[in-house]
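Read through the structure below, which is laid out as structure tokens, and then see the notes.
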Amino acid sequence: MSQSERDLRWMREALRLAQLGTGATYPNPCVGAVVVKRGRVVGKARSDVTGGDHAEVRALAEAGRAAKGATVYLTLEPCAHRGRTPPCADALVAAEVARVVAAIEDPASHTAGAGLRRLAQAGIEVELGVLAERAREVHRHYLHHVAHGRPFVTLKLAVSVDGRIATAGGDSKWITGEPARRSAHRLRARHHGIAVGAATVLADDPRLDVRLVAGVDPLPVVFDPRLRVASAGRPFNLLRPGVLYLHTARASKRARRALREAGAEGLELPAASSGGVDIDAALAQLGARELRSMMVEGGGRLVGAFVGAGAWQELWLYRAPVVLGEGRPAIAGVGWATVADAPHLEVVRRRKLGVDDLCVYAPVGDPT
């Protein structure tokens with residue numbers, strides 16, 4: 001096996017580790033690290049939860065003395081700054097590794113090549129770019145946030161074959177089967193935040209957790225211009241500490257007081273022409289809070305607001321073999337005069353989930 005073949009093999013393993021941990025380490029990216037010596041893995045790890053050790057440090061600890069003279073495969077350039085933990089580049093130098101193969105640079109201003117330069121200055125051989133495209137996909141939430149200052153937005157819809165998310169009376173449990181619901185919970189677990197509109201909270205009282213899979217619950221974000229949930233005078237699963245409500249100046253003092261008394265956080269934002277929360281302003285504020293990614297679950301008007309603003313990067317569409325007829329549309333409150341004017345999408349991948357179909361889309365020409 002040639003050196004390039006070995007590099008591809010071990011970088012694939014590092015990327016697998018990184019992918020497994022996506023969503024568990026926010027706001028840090030989940031890096032994968034593999035330490036190889038004489039053709040054998042002597043240490044491997046992915047990043048720990050925020051505040052814990054990064055992948056490099058964990059993998060080096062597993063390798064112990066065998067790390068000296070070894071090659072280390074990293075999905076992202078090692079950090080060169082002191083944050084919650086010491087610089088990983090220094091840990092690699094101290095371990096006296098011989099070679100570091102990194103898939104991509106970390107574009108954040110506190111790194112941006114500094115980690116790789118520190119390794120080279122210490123006499124460590126450095127190679128960059130192995131499986132770079134795959135690494136950019138694995139780290140796309142982090143890279144999008146660094147580039148744009150806003151969270152990577154994933155729209156998620158579970159629909160009937162005629163594009164409805166609920167019956168005319170509002171019943172939606174369950175349109176899709178168990179395999180699709182588990183897939184959706186895994187998708188939740190890979191995101192930093194999860195957003196719904198006030199109508200969804202009032203109608204369905206969702207929990208927005210990842211109870212069907214192992215993972216970290218995302219931050220619930222409720223788009224509620226008038227704080228109708230807090231005004232309802234009823235207990236809701238999302239009317240509690242740890243939930244962020246985005247509202248406008250139309251929210252009454254009484255509703256704001258009720259929100260505070262419930263322990264939830266409220267953030268006033270500008271209103272869109274429709275009367276809802278301005279999507280661009282919301283994403284700017286969420287990005288400033290280092291929310292790296294956000295999954296938008298509904299309802300139809302909130303999804304429509306994101307589509308209308310062109311403020312999304314992926315759409316996960318779960319389609320069930322059921323007809324609902326005069327039900328509630330998946331995307332509401334937005335439309336175009338002609339087919340040519342409407343947003344066009346490209347298929348990223350397809351998958352069968354029991355009796356349901358999953359299709360993942362991205363906007364045509366979207367650079368992210």
Side-chain angles (χ1 to χ4, degrees), residues 1-22 24-136 138-139 142-143 146:
M1 185 182 294
S2 67
Q3 182 63 63
S4 61
E5 289 173 326
R6 288 194 293 271
D7 287 348
L8 290 172
R9 176 186 179 185
W10 300 124
M11 186 61 77
R12 288 191 189 98
E13 176 61 12
L15 288 165
R16 185 188 69 82
L17 292 169
Q19 183 77 64
L20 282 174
T22 300
T25 63
Y26 286 123
N28 294 336
C30 186
V31 176
V34 177
V35 185
V36 178
K37 190 167 186 180
R38 299 189 186 95
R40 184 173 65 89
V41 175
V42 294
K44 63 180 181 178
R46 60 176 175 83
S47 301
D48 202 352
V49 296
T50 300
D53 288 332
H54 293 187
E56 299 92 324
V57 172
R58 298 180 75 193
L60 290 171
E62 183 177 299
R65 294 180 181 178
K68 184 175 181 179
T71 296
V72 182
Y73 295 87
L74 302 174
T75 61
L76 189 68
E77 174 187 5
C79 62
H81 70 293
R82 179 176 289 273
R84 296 181 180 88
T85 59
C88 291
D90 288 355
L92 291 162
V93 171
E96 299 182 73
V97 303
R99 182 170 177 253
V100 170
V101 180
I104 55 175
E105 279 192 6
D106 184 341
S109 59
H110 53 64
T111 303
L116 298 178
R117 288 193 296 273
R118 188 170 301 182
L119 299 178
Q121 289 165 1
I124 296 172
E125 181 186 348
V126 174
E127 182 164 349
L128 179 68
V130 175
L131 292 179
E133 282 303 312
R134 174 60 180 149
R136 279 189 278 270
V138 168
H139 293 302
Y142 173 74
L143 297 174
V146 171

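Excluded from the calculations below are hydrogen atoms, water molecules and symmetry mates; all remaining heavy atoms, backbone and side chain alike, are included. The model shown is predicted, which means the values in this text are computed figures rather than measured ones.
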>> Rounded at 0.5 Å granularity, tell me how far CZ in Arg136 sits from OG1 in Thr75.
In response: 12.5 Å
>> Are Val97 and Thr71 packed together at the side-chain level, in the sense that at least one heavy-atom pair is separated by less than 4.5 angstrom?
In response: no
>> Between the side chains of Lys44 and Glu62, is the shortest nitrogen-to-carboxylate-oxygen separation below 4.0 Å, so that they form an ion pair?
In response: no
> Hey, are the side chains of Glu127 and Gln3 touching, using non-hydrogen atoms and a 4.5 Å cut-off?
Replying inline: no
>> Given 3.5 Å as the limit, does a donor-acceptor pair link the side chain of Thr25 with the main chain of Asn28, or not?
In response: yes
> For the atom pair CD1 (Ile104) and CG (Leu128), what is the distance rounded to the nearest 0.5 Å?
Replying inline: 8.5 Å
> Can you tell me how far OH of Tyr73 sits from CZ of Arg9, rounded to the nearest 0.5 angstrom?
Replying inline: 10.0 Å
> Shortest non-hydrogen contact from Ala18 to His139?
Replying inline: CB-CE1, 4.3 Å
> So, are Arg12 and Asp7 salt-bridged, with charged N and O less than 4.0 Å apart?
Replying inline: no
> Distance from Glu13 atom CD to Leu8 atom CG, nearest 0.5 Å?
Replying inline: 14.0 Å
>> Quick check: closest heavy atoms across Ala103 and Leu131, and the distance to 0.1 Å?
In response: CB-O, 4.3 Å
Throw together a table of side-chain donor-acceptor distances under 3.5 angstrom for residues 29-43, partners on residues two or more places apart or in other chains.
from  : atom 1 : to    : atom 2 : distance (Å)
Lys37 : NZ     : Lys68 : O      : 2.7

>> With side-chain hydrogen bond (donor to acceptor under 3.5 Å, both in side chains) as the criterion, how do Gln19 and Arg16 come out once you've worked through the C-alpha distance, each side chain's angles and the decisive distance to 0.1 Å?
In response: CA-CA 5 Å; Gln19 183 77 64; Arg16 185 188 69 82; over 6 Å; no
>> Using only atom types and a distance under 3.5 Å, with no angle test, would you say the side chain of Thr111 pairs donor to acceptor with the backbone of Pro107?
In response: no
> To the nearest 0.5 Å, how far apart are CG in Asp53 and CG in Asp48?
Replying inline: 6.5 Å
>> Quick one: does any side-chain atom of Glu77 pair with a main-chain N or O of Gly115 as donor and acceptor, under 3.5 Å?
In response: yes
>> Looking at every heavy atom in both Ala135 and Leu15, which two are closest together, and how far apart are they?
In response: CA-CD2, 3.6 Å
> Can you tell me if Gln121 and Arg118 form a side-chain donor-acceptor pair at under 3.5 Å?
Replying inline: no
> Where is the tightest heavy-atom contact between Leu60 and Ala67, given as atom of each residue plus distance?
Replying inline: CD2-CB, 3.8 Å
>> For a quick test of reading the model, state the closest non-hydrogen atom pair linking Ala24 to Arg46 and the distance between them.
In response: CB-NH1, 4.4 Å
> Which pair of heavy atoms, one from Leu74 and one from Pro78, lies closest together, and at what distance?
Replying inline: CD1-CD, 3.8 Å
> Under 4.5 Å between any side-chain heavy atoms of Leu76 and Tyr142, yes or no?
Replying inline: yes
